[in-house]
Amino acid sequence: MSCVMIRNIKFCLLIVLALFSCSYLFADMPVLDTDSFKVEEKQDLYNGKVIIRNIGKAKYISLNPINSMAEQIISSMKDLAPSYLAEIIQIRPMDGNLDLLEQFREILERVDDYTGIPYYSVQNGTWNNLYDSAEIHSFISDRQTTQMNVTFTMNPFGNVNTDIVLNMNSAALTLHYTMTNTGKVRWNNRLTCVQPQNMKTVITVFPSPDNQKLILYALGGVKAPSFFFIRNRVDTAFINRIKSFCSYVFEKL
C-alpha cells in the first residue's frame with residue numbers, strides 16, 4: 001500500500017472520529033441542530049472555537065428551544081423576521097468558567113469600548129472602528145438588570161439611537177443581552193434602510209442540560225427592504241458589523 005493511500009486513510013479516519021465526537025457531544029447535549037453544519041464547523045465547535053454562520057433567515061436558526069433562555073432568543077428573532085441574519089456560537093466547559101458571566105457583563109456594559117472594536121470595510125478595503133462614537137443618554141443598573149440608551153455613530157449610517165437591556169442571574173448561570181435600534185438607520189443620510197426596532201443583536205449564555213458546559217450563543221438580525229442597487233453593500237455592511245461585534249465579545253473573554 002502506498003504512502004499516499006495510507007495518509008488518505010488516516011485523514012478519513014480522523015474526519016470520522018471528529019464527526020463521531022461531535023455527534024456524541026450533541027447527543028448528550030441536545031442544544032443545537034447541527035445537521036446543516038459543515039464538518040469544519042462541527043470540529044471547531046467541539047474544540048471550543050467561536051463559529052460564525054450567515055444563515056439569512058430565522059427558520060435556519062440552529063438553537064433548539066430547550067429552555068426559557070433559548071426560547072426567548074429564538075422567538076425574538078422570529079418576531080423580527082429579519083432579511084439578514086447571522087448566528088455566533090461557542091461552547092465552553094463549565095469547569096474554570098464560573099466567573100464568565102460577570103466578565104461578560106462587564107464587557108457588555110462598557111459601551112465606550114464598542115468604539116474600539118475593529119471592523120473591516122469590504123467596500124473600502126480598510127480597517128475602521130465599528131462605531132465612531134458612543135453617547136450614553138441613560139444608564140440604570142442593579143445586581144440583575146442593566147438598561148441603557150445610547151446613540152452610536154456608525155458610518156455610513158450616521159447616528160443610530162439604541163436601547164440595550166442586560167439581565168443576569170448568577171445563581172442560574174444565565175445572561176441575556178439585547179441591543180435594538182430605536183431610531184431610523186439611514187444610508188449616507190439619504191435612504192432609510194432600517195426602521196426603528198428592526199435591527200437587533202441578542203446574546204445569551206446558559207448551562208447545558210448536563211451542567212457540564214456553558215453555551216454562548218448570539219443572533220444578529222436586520223429587517224430591511226431590498227434595494228437592488230445597494231443590496232450587496234447593505235448585506236455585507238450589516239452582517240460584517242454583527243459578526244465583528246459578537247466575535248469581539250466572545251473572544252474578549
If we only count heavy atoms from C-beta on, is the [X] to [Y] side-chain gap below 4.5 Å?
{"X": "R53", "Y": "E41", "answer": "yes"}
{"X": "I73", "Y": "L219", "answer": "yes"}
{"X": "I89", "Y": "F37", "answer": "yes"}
{"X": "M199", "Y": "V160", "answer": "yes"}
{"X": "L32", "Y": "L45", "answer": "yes"}
{"X": "T178", "Y": "I164", "answer": "no"}
{"X": "F104", "Y": "L216", "answer": "yes"}
{"X": "M94", "Y": "Q212", "answer": "no"}

* To do: For the pair I242 and Y84, evaluate side-chain contact (heavy atoms from CB on, under 4.5 Å) and give the outcome as yes or no after the intermediate values.
  => CA-CA 10 Å; I242 291 165; Y84 314 102; over 6 Å; no
Could you verify whether a donor N or O on one side chain and an acceptor N or O on the other, from [X] and [Y], lie under 3.5 Å apart?
{"X": "T204", "Y": "Q72", "result": "no"}
{"X": "R241", "Y": "T201", "result": "no"}
{"X": "S170", "Y": "R143", "result": "no"}
{"X": "E109", "Y": "T146", "result": "yes"}
{"X": "Q103", "Y": "R105", "result": "no"}

Is the side chain of [X] donor-acceptor paired with the backbone N or O of [Y] at a distance under 3.5 Å, no angle test?
{"X": "S36", "Y": "T34", "result": "no"}
{"X": "T182", "Y": "P196", "result": "no"}
{"X": "N67", "Y": "A70", "result": "yes"}
{"X": "N47", "Y": "Q43", "result": "yes"}
{"X": "N129", "Y": "P118", "result": "no"}
{"X": "Q147", "Y": "S141", "result": "no"}

* **Shared hydrophobic cluster, Y217 / V165 (ILVMFWY, side-chain heavy atoms < 4.5 Å)** => no
* To do: Give the intermediate values and the outcome of side-chain contact (heavy atoms from CB on, under 4.5 Å) for residues N128 and Y120.
  => CA-CA 6 Å; N128 305 299; Y120 183 74; over 6 Å; no
Nearest atoms (heavy-atom pairs only) where [X] meets [Y]:
{"X": "E71", "Y": "P65", "value": "CG-CB, 3.7 Å"}
{"X": "M77", "Y": "K200", "value": "CE-O, 3.4 Å"}
{"X": "I52", "Y": "K243", "value": "CG2-CG, 3.4 Å"}
{"X": "F206", "Y": "I66", "value": "CE1-CD1, 3.9 Å"}
{"X": "I117", "Y": "S244", "value": "CG2-O, 3.8 Å"}
{"X": "N64", "Y": "I74", "value": "C-CD1, 3.9 Å"}

Rounded distance (nearest 0.5 Å) linking atom [atom1] of [X] with atom [atom2] of [Y]:
{"X": "E87", "Y": "L85", "atom1": "CD", "atom2": "CG", "answer": "7.5 Å"}
{"X": "L100", "Y": "L175", "atom1": "CG", "atom2": "CG", "answer": "9.0 Å"}
{"X": "L173", "Y": "M69", "atom1": "CG", "atom2": "CE", "answer": "11.0 Å"}
{"X": "F245", "Y": "I203", "atom1": "CZ", "atom2": "CD1", "answer": "5.0 Å"}
{"X": "D113", "Y": "E106", "atom1": "CG", "atom2": "CD", "answer": "11.0 Å"}
{"X": "K78", "Y": "I61", "atom1": "NZ", "atom2": "CD1", "answer": "6.5 Å"}

* Considering residues at least two apart in sequence or located in another chain, which fulfil the side chain to side chain contact (heavy atoms under 4.5 Å, CB included) criterion with A172? -> N169, T174
* Pair listing, side-chain hydrogen bond (donor to acceptor under 3.5 Å, both in side chains) test, anchored in residues 149-159, at least two apart -> D132-N155, S133-T153, H137-T151, N149-N161, N149-D163, T151-N161, T153-N159
* Step by step, work out the side-chain contact (heavy atoms from CB on, under 4.5 Å) result for M148 and T162. => CA-CA 8 Å; M148 291 178 275; T162 305; over 6 Å; no
* Asked: Which of parallel (below 30°), tilted (30 to 60°) and perpendicular (above 60°) describes Y114 and F152?
  -> parallel
* To do: Please check if atom CG in D79 has more than 12 non-hydrogen atoms from other residues, nucleotides or ligands closer than 6.0 Å.
  => yes
* Asked: Just wondering, are more than 12 heavy atoms of other shown residues or ligands nearer than 6.0 Å to CZ in F139?
  ->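 More than 12 heavy atoms, drawn from other residues, nucleotides or ligands, come within 6.0 Å of this atom.
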* Would you sort out whether L63 and V31 count as a side-chain contact (heavy atoms from CB on, under 4.5 Å), showing the intermediate values? => CA-CA 6 Å; L63 184 66; V31 176; 3.6 Å; yes
* **Cation-pi, F157 ring and R186 (6.0 angstrom, 45 degrees)** => no
